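In what follows, a single structure is set out as C-alpha cells and then discussed.
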Amino acid sequence: MSGPLSGPAEMPEGHTLHRLAQSINEHFAGQVVEVSSPQGRFVESANLVDGTGLVDAQAWGKHLFIGFEAHRWIHVHLGLYGTFDVHTGPPAPSVGQVRLRLVSPSRKGPDGAALTVSSTSYADLRGATTCDMITDSQRAAVIARLGPDPLRADSDPDRVWARISRSRAPIGALLMDQTVLAGVGNVYRAELLFRHRLHPLRPGSTLRRGQVGAMWQDLVELMRAGVSTGRVDTVREEHTPEAMGREPRRDDHGGEVYVYRRLGQPCHVCGSKVRTEVLAGRNLFWCPKCQPKFRSRAAAQ
DNA sequence: CCTCTATGGCGAA
DNA sequence: TCGCCCTAGAGGC
C-alpha cells in the first residue's frame, strides 16, 4: 500500500473521513476522473460520473460526499470496517471486493481523446456500508440530520449543549448519537469521557454548560490531531509510554489511549482496572476510580 | 477449516 | 433490544 492513507488500520470515526476528503481532493479535485465499479454492484452509478470532473470531496461527521460536475454526488459511509485507500502510481489490479475505484487523470478526455499524463492516482473503496449516487437535495437531507461536527469550522457548539442539557439519556449514549454531535465513535467517546472524568452513564441533563463546552473544545483539538496523524491519540504528555516507561500500545488501532479496549488493564493514571459494559449494543470502557458514578444531590441525601 | 470480533447504522418488533 | 449488512484478522481445532 502507498499514499497518505497507508499504515495501521484507521478507525472510521470523523477524523478518518475528513482525512480522506483531504486526500481525495489532493489527488483528484479539478480533474477528469475515471469511475468504475470492479465488483459490479455499482456499475450504473459509476457510469453516471465516469469521465466527468471531480469538483471536491467533503466530510460531515462520518459521511463523505464526493462532488462531481452536474450536481452529482457519491455518498459514502464506511460503517464498521470500510476502507477507501488512495494510492499513487498506475492502478494495481483490483483484488477482493473493490466496490468503487477512482482513477485520475482520466486516460480519455471529455471528447473521448486520449490524454497524455505523467502520473496517476487511484483510490479503492472496499467494505463500505453506503455508496450511493445522490442529488444536491438528498445530500442536504443527510446533513440536516447530523449534529454539529467538531471538525467543521462553522459548527455551533451551543446546539450540542441544547441537546445534552435537556436529555436524561446517558452522556455515553448522547456522544454517540450523530444527531447530537457528528463524528464521534466508540474510541473518541471512551477517551473523551475519561479525560473529563465523567461516568458514561451520567445523565446529560446533570452536566454543566462549562463541562460540555470544555468537552467540545477538547474534541476539536483531539480530532484535528487525528486528521493530521491518521490515528487516535488521547493520552496527555505525562501519560505517554515514554513518560511512564511502559510499552507502547501495539495493536492495529495505532494510537495511545486511556481506556478504549483496555478491559482489566491498569488505568494509566490511578492503576485501577478498566471496566466495560455494553450500552445500546456498543462497548463502553471506563475507569471506575477516575470516572466515579454520578450521585445527584437528591440521591446523596 | 471454523467462529468470533470490531471503530456504525438501520429497520423491525 | 435484536438482527442484519458490509470485511479482515485472530484464534481454535
Side-chain angles (χ1 to χ4, degrees), chain A residues 1 5-20 37-42 45 59-65 74-85 94-101 123-132 134 138 141-147 149-151 169-170 172-194 200-201 219 222-223 225-227 229-234 249-264 274 276-286:
Chain A
M1 201 189 289
L5 293 183
S6 62
E10 281 189 54
M11 294 151 281
E13 299 193 19
H15 70 298
T16 306
L17 281 300
H18 282 263
R19 184 176 169 81
L20 186 51
S37 177
Q39 185 192 1
R41 289 176 53 184
F42 299 88
S45 293
W60 289 77
K62 299 171 190 168
H63 296 254
L64 175 69
F65 303 98
I74 295 177
H75 175 211
V76 170
H77 196 295
L78 294 179
L80 260 184
Y81 29 66
T83 59
F84 204 163
D85 295 316
S94 31
V95 288
Q97 306 283 297
V98 175
R99 182 174 285 198
L100 195 80
R101 169 174 277 191
D124 284 341
L125 173 69
R126 312 170 66 170
T129 196
T130 299
C131 173
D132 297 323
I134 62 170
Q138 288 173 310
V142 173
I143 291 169
R145 287 197 302 269
L146 299 173
D149 177 347
L151 289 171
L174 291 167
L175 289 176
M176 292 278 280
D177 183 339
Q178 301 298 299
T179 70
V180 172
L181 191 139
V184 171
N186 212 7
V187 187
Y188 280 119
R189 161 175 78 173
E191 296 301 301
L192 191 72
L193 291 172
F194 179 90
L201 299 183
L219 263 184
L222 288 173
M223 294 182 76
V227 173
T229 63
R231 36 183 270 176
V232 179
D233 284 289
T234 59
R249 184 178 179 86
R250 210 173 282 285
D251 60 22
D252 60 2
H253 304 289
E256 286 296 328
V257 294
Y258 284 109
V259 291
Y260 175 70
R261 294 245 292 197
R262 294 194 65 246
L263 171 63
V274 171
T276 190
E277 184 178 310
V278 175
L279 172 67
R282 310 301 304 281
N283 293 320
L284 279 174
F285 298 90
W286 79 98

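Remember, it's a predicted structure, so these values are computed and weren't measured experimentally. Below, chains carry the letters A, B, ... as their sequence lines are ordered, and counting in each starts from 1.
Look at A/Asn186 and you won't find any side-chain N or O under 4.0 angstrom from OP1 or OP2 of B/dA6. Remark: A/Tyr188 is not in phosphate contact with B/dT7, judged by side-chain N or O atoms under 4.0 Å from OP1 or OP2. Taking 4.0 angstrom as the limit, A/Arg126 places a side-chain polar atom (N or O) nearer than this to OP1 or OP2 of C/dA8.
The side-chain hydrogen bond (donor to acceptor under 3.5 Å, both in side chains) check on A/Thr229 picks up nothing, with sequence neighbours excluded. A/His63 meets the ring-ring contact (aromatic ring centres under 6.0 Å, His included) test with A/His75, A/His77; sequence neighbours excluded. A/Asp233 is linked by a salt bridge (charged side-chain N to carboxylate O under 4.0 Å, His left out) to A/Arg231, counting only residues two or more places apart in sequence or in another chain. Looking at residues two or more places apart in sequence or on another chain, you find no side-chain hydrogen bond (donor to acceptor under 3.5 Å, both in side chains) involving A/Tyr188. A search for side-chain contact (heavy atoms from CB on, under 4.5 Å) contacts involving A/Ala59 returns A/Leu17, A/His18, A/Ala21, not counting sequence neighbours.
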With the criterion being N/O to N/O and under 3.5 Å, what pairs connect the protein with nucleotides 9-13 of chain B, and how long is each?
residue	atom	partner	partner atom	Å
B/dG9	OP1	A/His77	NE2	3.2
B/dG9	OP2	A/Lys62	NZ	3.3

Please enumerate all protein N or O atoms sitting under 3.5 Å from an N or O of nucleotides 10-12 of chain C, with distances to 0.1 Å.
none

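Distance CD (A/Glu13) to P (B/dA6): 14 Å, rounded to an integer number of Å. Between A/His15 atom NE2 and B/dT7 atom C1' the separation is 9 Å, expressed in whole Å. For the pair A/Leu263 CG and B/dT7 P, the computed distance is 13 Å after rounding to whole Å. Between the P atom of B/dG8 and the OH atom of A/Tyr260 lies a distance of 7 Å, rounded to the nearest Å. In this structure, A/Glu277 places its CD atom 11 Å from P of C/dT1, rounding to the nearest Å. Between the OH atom of A/Tyr81 and the C1' atom of C/dC5 there is a distance of 7 Å, given to the nearest Å. As rounded to whole Å, 11 Å separates atom P of B/dT5 from atom CZ of A/Arg261. As rounded to whole Å, 14 Å separates atom P of C/dC6 from atom CG of A/Asp132.
Taking the P atom of each, B/dT3 and C/dC4 are spaced 15 Å apart, rounded to whole Å. To the nearest whole angstrom, the two P atoms, one in B/dA13 and one in C/dC5, are 15 Å apart. A gap of 13 Å separates the P atoms of C/dG3 and B/dC4, to the nearest Å.
Between A/Phe194 and A/Thr234 there is no side-chain heavy-atom pair separated by less than 4.5 Å. Residues A/Leu192 and A/Val184 are not in side-chain contact: their nearest non-hydrogen atoms beyond the backbone lie 4.5 Å or more apart.
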What side-chain donor-acceptor pairs closer than 3.5 Å can you find for residues 277-286 of chain A, not counting sequence neighbours?
residue	atom	partner	partner atom	Å
A/Trp286	NE1	A/His199	NE2	3.4

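Identified under the salt bridge (charged side-chain N to carboxylate O under 4.0 Å, His left out) test for residues 176-187 of chain A, with sequence neighbours left out: A/Arg163-A/Asp177.
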